[in-house]
Amino acid sequence: MSALGELIEALRLVEERLDQARGQLAAGRREFDATRAALTRLDPEHPENVVPPGFARADDQLERTQELIEHVQELLRTFASRL
């Protein structure tokens, strides 16, 4: 296999792993949301008493990570198409 072929295969593997990571992150985020909802149901009138204050920040970080993965995937596709 040529060096170019090896590079393209390596890029394909990286993109595959990023797809897996994105899927796992999406599943984790759904579970995170379900956990927040369950905690809120414990005390619906005062959810701030049962939902840890860091949950909102953690959700923001999960969303940011998803966006970064998508951005890297787009960059990889662009790079691979130029080869």
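Note that these values count all heavy atoms, side chains included, but never hydrogens, waters or copies made by symmetry.
In this structure, Ile69 is not a member of the same hydrophobic cluster as Leu13, with clusters built from ILVMFWY side-chain heavy atoms closer than 4.5 Å. A continuous path of Ile, Leu, Val, Met, Phe, Trp and Tyr side chains, each step under 4.5 Å between heavy atoms, connects Leu83 with Val72, placing both in one hydrophobic cluster. If you chain together hydrophobic residues whose side chains sit under 4.5 Å apart, Phe79 and Leu68 never meet in one group. Hydrophobic clustering (side-chain heavy atoms under 4.5 Å, transitive across Ile, Leu, Val, Met, Phe, Trp, Tyr) groups Leu7 together with Leu76.
Between Glu74 and Arg77 there is a salt bridge, since at least one side-chain N of the basic residue sits less than 4.0 Å from a carboxylate O of the acidic one. The pair Asp33-Arg30 does not meet the salt-bridge criterion, since no charged nitrogen lies less than 4.0 angstrom from a carboxylate oxygen. A salt bridge does not link Asp60 with Arg57: none of the charged nitrogens is closer than 4.0 Å to a carboxylate oxygen. Using a cutoff of 4.0 Å between basic side-chain nitrogens and carboxylate oxygens, Arg64 and Glu67 are not scored as salt-bridged.
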Output, in order, the C-alpha distance, side-chain angles, deciding distance and verdict of salt bridge (Lys or Arg N to Asp or Glu O under 4.0 Å) for Arg12 and Glu15. CA-CA 5 Å; Arg12 187 192 66 74; Glu15 188 169 353; over 6 Å; no
Give the C-alpha distance, both sets of side-chain angles, the deciding distance and a yes or no for side-chain contact (heavy atoms from CB on, under 4.5 Å) between Glu16 and Asp19. CA-CA 5 Å; Glu16 185 178 303; Asp19 277 337; 5.6 Å; no
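Using a 4.5 Å heavy-atom cutoff, the side chains of Arg41 and Val50 are not in contact.
Once rounded to the nearest 0.5 Å, the distance linking CG of Leu25 with CG of Leu18 reads 11.5 Å.
Across every non-hydrogen atom of Phe32 and Phe55, the tightest pair is CZ-O, 3.3 Å.
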